[in-house]
Amino acid sequence: MAPVNMTGAVVAAAALLMLTSYSFFFRLSEKKKRKEKLTMRNGLVDAIGNTPLIRINSLSEATGCEILGKCEFLNPGGSVKDRVAVKIIQEALESGKLFPGGIVTEGSAGSTAISLATVAPAYGCKCHVVIPDDAAIEKSQIIEALGASVERVRPVSITHKDHYVNIARRRADEANELASKRRLGSETNGIHQEKTNGCTVEEVKEPSLFSDSVTGGFFADQFENLANYRAHYEGTGPEIWHQTQGNIDAFVAAAGTGGTLAGVSRFLQDKNERVKCFLIDPPGSGLYNKVTRGVMYTREEAEGRRLKNPFDTITEGIGINRLTKNFLMAKLDGGFRGTDKEAVEMSRFLLKNDGLFVGSSSAMNCVGAVRVAQTLGPGHTIVTILCDSGMRHLSKFHDPKYLNLYGLSPTAIGLEFLGIK
């Protein structure tokens, strides 16, 4: 009988054991990863942020750069403003300026209002929004459906007492006054009584917009409240840095309140001063001139003298003719001017080539990303913000009849509207 080759048997057994062990630990590792992915978040507020950063393939291939978009439209409230709403309300509650049962007021062209209406109930608060009546109607419909009260007013200059932001500020004061009077017990059923020459005179006051049970009001003040900036310095900026593993050359975004641009740009440049940060500005806004020339004016006006509607653009939520506290926190290396036609064409290009259905500000941001790519040249990584989806822009930005009225119907086949053939 031939001798048994024990060496070969031992080697085979060892190999089998190693393979089995590897398979076991691989499955354990994969199970752990799946468990981490399936970990529940604590309520709606905890689901805000940590949005995906995606490669926009069509723009990346056309420019030779890696153009990445932060998908803020995937937040629960559907936009980047969810982050701001959470930060504003949290800081107000912590500081004692707002209490559960109170009402948060804001003047907003739409997205911030929607986010506040979404988030406020999670903190036991209510929301009252003042919105310009030229904003897309679906935005106010969404706000009302979320349980907030909506006041639509005509658009006027910020210097006017009836600008939607100024009205929102007054509404917070009214809610505080109502809560104060209720606490003092000086008001009964809306009737104020006083004695004049021995007779009682009844003065019936105008009905309040708010319930008698309101515990006070807080004006969110998204333009000047630096909680806006902090939401992005502490959240959006670090997420972008982590998701790119620090391999980022430039960031570009439009500005309305300026919070996103300021928070992200300052964080990224604090991490690496070589990261270039840029503004993309729509028509009628003065920020481009301020960034590039140091003086805030358009060809039609001197600084601070606009009296009517502050914007000559169909984009919503971006562009402004004053410097907010949030915008002043930005660290910028330059700026670009975008047009409405470029934003419209870009939105259709992204839908056709990437399946991305974006809103007007997201489209303008992508115009900015291409402009940055053209300036820096191929081989750079550029990040922008996909603020919200096109679902909130159906009656204007994505309405063919509306666009045709202003000569903005899309006609481009590719990116020739940005000089790329």
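Side chains included, hydrogens not; waters and symmetry mates left out as well; all remaining heavy atoms used.
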Original post:
Is the side chain of Asn404 donor-acceptor paired with the backbone N or O of Ser409 at a distance under 3.5 Å, no angle test?
Top reply: no
**OP:** Please check if the side chain of Thr215 supplies one atom and the backbone of Gly102 the other of a donor-acceptor pair under 3.5 Å.
**Re:** yes
Determine all donor-acceptor pairs shorter than 3.5 Å in which one atom belongs to a side chain in residues 369-391; sequence neighbours excluded.
{"residue": "Arg371", "atom": "NH1", "partner": "Gln374", "partner atom": "OE1", "Å": "3.2"}
{"residue": "Arg371", "atom": "NH2", "partner": "Glu342", "partner atom": "OE2", "Å": "3.0"}
{"residue": "Gln374", "atom": "NE2", "partner": "Leu418", "partner atom": "O", "Å": "2.8"}
{"residue": "Thr375", "atom": "OG1", "partner": "Arg371", "partner atom": "O", "Å": "2.9"}
{"residue": "His380", "atom": "ND1", "partner": "Gly377", "partner atom": "O", "Å": "2.8"}
{"residue": "His380", "atom": "ND1", "partner": "Pro378", "partner atom": "O", "Å": "3.4"}
{"residue": "Thr384", "atom": "OG1", "partner": "Val252", "partner atom": "O", "Å": "2.7"}
{"residue": "Asp388", "atom": "OD1", "partner": "His393", "partner atom": "NE2", "Å": "3.4"}
{"residue": "Asp388", "atom": "OD2", "partner": "Ser111", "partner atom": "OG", "Å": "3.4"}
{"residue": "Asp388", "atom": "OD2", "partner": "His393", "partner atom": "NE2", "Å": "3.2"}
{"residue": "Ser389", "atom": "OG", "partner": "Met391", "partner atom": "N", "Å": "3.2"}

Subject >> Side-chain donor-acceptor pair present, Thr112, Gln222, cut-off under 3.5 Å >> reply: yes
Original post:
Cut-off 3.5 Å, side chains only: do Thr313 and Asp340 have a donor facing an acceptor?
Top reply: yes
Subject >> Side chain to side chain, Leu350 and Leu59, heavy atoms closer than 4.5 Å >> reply: yes
Original post:
Is atom NZ of Lys331 surrounded by more than 12 heavy atoms (other residues, nucleotides or ligands) closer than 6.0 Å?
Top reply: yes
Subject >> Nearest heavy atoms of Ile280 and Gly338, plus distance in Å >> reply: CD1-N, 3.6 Å
**OP:** Compare every heavy atom of Lys87 with every heavy atom of Ala231, then report the nearest pair and how far apart it is.
**Re:** CB-CB, 3.8 Å
**OP:** Please name the pair of heavy atoms, one in Gly414 and one in Glu416, separated by the smallest distance, quoted to 0.1 Å.
**Re:** N-OE1, 2.8 Å
Original post:
Taking atom NE2 of His242 as the centre, does the number of heavy atoms from other residues, nucleotides or ligands within less than 6.0 Å exceed 12?
Top reply: no
Residues 149-156 side chain polar contacts: donor-acceptor under 3.5 Å, at least two apart:
{"residue": "Ser149", "atom": "OG", "partner": "His128", "partner atom": "ND1", "Å": "2.6"}
{"residue": "Glu151", "atom": "OE1", "partner": "His128", "partner atom": "NE2", "Å": "2.8"}
{"residue": "Glu151", "atom": "OE1", "partner": "Arg171", "partner atom": "NE", "Å": "2.9"}
{"residue": "Glu151", "atom": "OE2", "partner": "Arg171", "partner atom": "NE", "Å": "3.4"}
{"residue": "Glu151", "atom": "OE2", "partner": "Arg171", "partner atom": "NH2", "Å": "2.6"}
{"residue": "Arg152", "atom": "NH1", "partner": "Ser140", "partner atom": "OG", "Å": "2.9"}
{"residue": "Arg152", "atom": "NH2", "partner": "Asp133", "partner atom": "O", "Å": "2.8"}
{"residue": "Arg152", "atom": "NH2", "partner": "Ala135", "partner atom": "O", "Å": "3.4"}

**OP:** Could you tell me whether the side chain of Val104 reaches within less than 4.5 Å of the side chain of Leu98, counting heavy atoms only?
**Re:** yes
Original post:
If you take all heavy atoms of Val119 and Leu44, which pair is closest and at what distance?
Top reply: CG2-CD2, 4.3 Å
Subject >> Test applied, side-chain contact (heavy atoms from CB on, under 4.5 Å); reference residue, Ile48; option that passes from Thr118, Val84, Asp82 >> reply: Asp82
**OP:** Please report the closest heavy-atom contact between Gly237 and Leu268, naming both atoms and the distance.
**Re:** O-CD2, 4.1 Å
Original post:
Are any non-hydrogen side-chain atoms of Phe267 and His232 less than 4.5 angstrom apart?
Top reply: no
Original post:
Do Val291 and Asp281 have side-chain heavy atoms sitting under 4.5 Å apart?
Top reply: no
Original post:
What is the distance from atom CD1 of Ile54 to atom CD1 of Ile67, rounded to the nearest 0.5 Å?
Top reply: 12.0 Å
Original post:
Counting N and O atoms only, with roles assigned by atom type, does the side chain of Asn75 sit under 3.5 Å from a partner on the main chain of Gly77, one being a donor and the other an acceptor?
Top reply: no
Original post:
Is the closest basic N to carboxylate O distance between Arg169 and Glu224 below 4.0 Å?
Top reply: no
Original post:
Looking at Phe357, does the NZ or CZ of Arg392 lie under 6.0 angstrom from its six-membered ring centre and within 45 degrees of the ring axis?
Top reply: no
Original post:
Side-chain donor-acceptor pair under 3.5 Å between Lys276 and Gln269, yes or no?
Top reply: no
Subject >> Atom CG of Leu405: over 12 foreign heavy atoms under 6.0 Å >> reply: yes
Subject >> From CZ (Phe327) to OG (Ser265), nearest 0.5 Å >> reply: 8.5 Å
Original post:
Quick one: do the Ser360 and Glu316 side chains pair a donor with an acceptor below 3.5 Å?
Top reply: no
Original post:
Under 4.5 Å between any side-chain heavy atoms of Leu323 and Met296, yes or no?
Top reply: yes
Subject >> salt bridge (Lys or Arg N to Asp or Glu O under 4.0 Å) assessment of Lys181 paired with Glu177 >> reply: CA-CA 6 Å; Lys181 285 183 177 180; Glu177 183 180 358; 3.3 Å; yes
Original post:
How long is the span from the OG atom in Ser157 to the CG atom in Asn321, to the nearest 0.5 Å?
Top reply: 9.0 Å
**OP:** Taking the six-membered ring for Trp and the full ring for Phe, Tyr or His, determine whether the centres of Phe278 and Phe336 are under 6.0 Å apart.
**Re:** yes
Subject >> Nearest-0.5 Å distance that lies between atom CG in Leu332 and atom CZ in Arg266 >> reply: 9.5 Å
Original post:
About how many Å separate CG of Leu68 and CZ of Arg55, when rounded to the nearest 0.5 Å?
Top reply: 8.5 Å
Original post:
In Å and rounded to the nearest 0.5 Å, what is the CD1 to SG distance from Ile56 to Cys366?
Top reply: 4.0 Å
Subject >> Check ion pair Glu72-Lys81 (N to O, under 4.0 angstrom) >> reply: no
**OP:** Kindly write out the residues that satisfy salt bridge (Lys or Arg N to Asp or Glu O under 4.0 Å) with Glu138, not counting sequence neighbours, or none if the list is empty.
**Re:** none
**OP:** Indicate yes or no: at least one non-hydrogen side-chain atom of Thr260 is less than 4.5 angstrom from one of Tyr229.
**Re:** no
Original post:
Any side-chain heavy-atom pair from Ile88 and Phe218 closer than 4.5 angstrom?
Top reply: yes
Original post:
Which is it for Thr257 and Asn228 under the side-chain hydrogen bond (donor to acceptor under 3.5 Å, both in side chains) test, yes or no, and what are the steps along the way?
Top reply: CA-CA 8 Å; Thr257 65; Asn228 183 346; 2.8 Å; yes
Subject >> Lys341/Glu345 ion pair, N-O < 4.0 Å >> reply: yes
Subject >> Ion pair Glu91/Lys97, N-O distance below 4.0 Å >> reply: no
Subject >> Heavy-atom pair of closest approach, residues Ala113 and Cys127 >> reply: O-SG, 4.5 Å
**OP:** Please tell me if the side chains of Lys161 and Asn166 come closer than 4.5 Å, counting only heavy atoms from C-beta onward.
**Re:** no
